[in-house]
K.L.:
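Just dropping this structure here.
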Amino acid sequence: MAEPPHSTRRPTPLDVVRELRTWIADQLDSESRGFDREHGTATSWFDLGNYEPTPPSVVEAVLDALPAPLERYAFVDLGSGKGRVVLIAAGRPFRRVVGVERRWMLHRRAQRNAAAYTGRVVTAPEWVHGDVRTAPLPDGPLVLFIYNPFGLNVLHAVLERVAGREVVLAAVFPPDHAWLEAQGFTALHVVPNDVEDRRWSLFRRAP
Ligand SMILES: C[S@@+](CC[C@H](N)C(=O)[O-])C[C@H]1O[C@@H](n2cnc3c(N)ncnc32)[C@H](O)[C@@H]1O
């Protein structure tokens, strides 16, 4: 019988060891820690929930690849954690920059990070504590950023909320491309990589 997909297989002790090794390596990641040292923030330390920050250079690469002009778009990080992505995006001329996070402690940490942040801010960051399925979202064309925050059922619910609007989906460790195409998206930019948090795609859905 074929092995079930990874997500439904029971984890073995070896899986747990691999996961722990990755977790420790990520805690020590010099790029992440360098970002915090330089900007006075605390975004690096992972969380035993599902908080994992996107590497700063990946966020910059994603922002560089977005369709111009950025002033047309409100940028929303769906599951913004400790706020790193939102703070980096605030250095660009988006119409608005918003982080939505459902976990109160992470939301508060993001706000404290914003207060301490010494990097460039062009668009004042906004912080919403709530679930992306119900939290208020900005009007007009959107850039929705995701880094593996939730399952496809939640993403589907968010995409339903913004049906009829232009949406650029910026996804690190992206969902299945065929699934996105079935939701009406077209790929703009695909960056393959064996490392999960360095693999990303831009998709666009016309209004
Ligand atoms: C992998 S972290 C990514 C953090 C940040 N976007 C980044 O890339 O640095 C995913 C975040 O999504 C949040 N999250 C998960 N489900 C959510 C939901 N339904 N509504 C809002 N936030 C959610 C988690 O609490 C976590 O902070």
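Computation of the quantities below employed the complete heavy-atom set of this structure, encompassing side-chain atoms and omitting hydrogens, waters and symmetry-equivalent molecules.
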K.L.:
At what distance, to the nearest 0.5 angstrom, does OG1 of T123 lie from CG of L70?
P.N.:
9.0 Å

K.L.:
Below 4.5 Å, heavy atoms only, C-beta onward: do W200 and T54 meet side chain to side chain?
P.N.:
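W200 does not reach T54 side chain to side chain.
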
K.L.:
Do the side chains of V76 and L137 get nearer than 4.5 Å, heavy atoms only?
P.N.:
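Yes, their side chains come closer than 4.5 Å.
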
K.L.:
Counting N and O atoms only, with roles assigned by atom type, does the side chain of D197 sit under 3.5 Å from a partner on the main chain of P55, one being a donor and the other an acceptor?
P.N.:
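No: the side chain of D197 does not pair with the backbone of P55.
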
K.L.:
Main chain of V85, side chain of D77: is a donor-acceptor contact present, judged purely on distance under 3.5 Å?
P.N.:
no

K.L.:
Heavy atoms only: give me the nearest S57-R198 pair and the separation to one decimal.
P.N.:
OG-NH1, 3.3 Å

K.L.:
Mind telling me whether F75 and F94 have parallel, tilted or perpendicular rings, with 30° and 60° as the class edges?
P.N.:
tilted

K.L.:
Which heavy atom of R133 sits nearest to which heavy atom of A157, and what is that distance?
P.N.:
CG-CB, 3.9 Å

K.L.:
Under 4.5 Å between side-chain heavy atoms, hopping through other hydrophobics if needed: is there a path connecting I146 to L152?
P.N.:
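Same hydrophobic cluster.
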
K.L.:
Which pairs pass side-chain hydrogen bond (donor to acceptor under 3.5 Å, both in side chains) with one or both residues in residues 147-168, sequence neighbours excluded?
P.N.:
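Every pair satisfying side-chain hydrogen bond (donor to acceptor under 3.5 Å, both in side chains) with a residue in residues 147-168: E52-Y147, R72-E166, Y73-E166, E166-R204.
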
K.L.:
I'd like to know if R95 pairs up with D139 as an ion pair, taking the criterion as any Lys NZ or Arg NE/NH1/NH2 lying under 4.0 Å from an Asp or Glu carboxylate oxygen.
P.N.:
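Answer for the salt bridge query: no.
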
K.L.:
Output all residues satisfying salt bridge (charged side-chain N to carboxylate O under 4.0 Å, His left out) with E38, sequence neighbours left out; order by chain, then residue number.
P.N.:
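Expected list: none.
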
K.L.:
Can you find a pair of side-chain heavy atoms, one from L144 and one from L159, that are under 4.5 Å apart?
P.N.:
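Side-chain contact under 4.5 Å: yes.
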
K.L.:
Go through the steps for V100 and W127 under the test side chain to side chain contact (heavy atoms under 4.5 Å, CB included), then give the verdict.
P.N.:
CA-CA 6 Å; V100 182; W127 308 100; over 6 Å; no

K.L.:
Does the side chain of F145 reach to within under 4.5 Å of the side chain of V62, using non-hydrogen atoms?
P.N.:
yes

K.L.:
Do the side chains of L106 and V128 join up, straight or via other hydrophobic residues, at under 4.5 Å, putting them in one cluster?
P.N.:
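Shared cluster, no.
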
K.L.:
Find out whether L180 and R205 are in side-chain contact, i.e. whether some heavy atom of one side chain is under 4.5 Å from a heavy atom of the other.
P.N.:
no

K.L.:
Quick one about E181 and T186 (side-chain donor to acceptor, distance below 3.5 Å, no hydrogens or angles considered), yes or no?
P.N.:
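Result is no, nothing qualifies.
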
K.L.:
Of the non-hydrogen atoms in A74 and P138, which two are nearest, and what is the gap between them?
P.N.:
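Result for this residue pair: CB-CB, 3.6 Å.
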
K.L.:
For the residue pair M105 and R108, establish whether any side-chain heavy-atom pair is separated by less than 4.5 Å.
P.N.:
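No - every pair of side-chain heavy atoms lies 4.5 Å or more apart.
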
K.L.:
Are W104 and H129 near enough that their ring centres are under 6.0 Å apart?
P.N.:
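Yes; H129 has its ring centre under 6.0 Å from that of W104.
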
K.L.:
If only atom types and distance count, is the side chain of H39 paired as donor or acceptor with the main-chain N or O of F35 below 3.5 Å?
P.N.:
yes

K.L.:
If you apply the rule side chain to side chain contact (heavy atoms under 4.5 Å, CB included), what do you find for V86 with V98, and how did you get there?
P.N.:
CA-CA 7 Å; V86 171; V98 181; over 6 Å; no

K.L.:
Less than 4.5 Å apart, side chain to side chain, heavy atoms only: is that true for V168 and L66?
P.N.:
yes

K.L.:
Which pair of heavy atoms, one from Y117 and one from T41, lies closest together, and at what distance?
P.N.:
CD1-CG2, 3.8 Å

K.L.:
Which heavy atom in A170 sits nearest to a heavy atom in V143, and how many Å separate them?
P.N.:
CB-CG1, 4.4 Å

K.L.:
Quick one: CG on N113 to NZ on K82, what's the gap to the nearest 0.5 Å?
P.N.:
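Between atom CG of N113 and atom NZ of K82 there are 8.0 Å.
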
K.L.:
Answer with yes or no whether the side chains of R109 and T43 bring together a donor and an acceptor at under 3.5 Å.
P.N.:
no

K.L.:
What I want to find out is whether E60 reaches R92 closely enough, with some N-O distance under 4.0 Å, to be called a salt bridge.
P.N.:
yes

K.L.:
Compute whether any side-chain donor of one residue and acceptor of the other, for D15 and T12, lie under 3.5 angstrom apart.
P.N.:
yes

K.L.:
As an exercise, state the distance from OG of S32 to CZ of R37, rounded to the nearest 0.5 Å.
P.N.:
10.5 Å

K.L.:
Please report the shortest heavy-atom distance between A65 and L202, naming the atom on each side.
P.N.:
O-CD1, 3.2 Å

K.L.:
Under 3.5 Å, side chain of R199 to main-chain N/O of N193, donor-acceptor pair present?
P.N.:
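Yes, the answer is positive, given that a donor and an acceptor are paired below the 3.5 Å cut-off.
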
K.L.:
Can you pull the ring pair (Phe, Tyr, Trp, His ring centres under 6.0 Å) pairs that have at least one residue in residues 162-187, sequence neighbours excluded?
P.N.:
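Counting only pairs at least two positions apart or across chains, the ring pair (Phe, Tyr, Trp, His ring centres under 6.0 Å) contacts touching residues 162-187 are H177-F203.
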
K.L.:
With a 3.5 Å cut-off and no angle check, do the side chains of R84 and S44 form a donor-acceptor pair?
P.N.:
yes

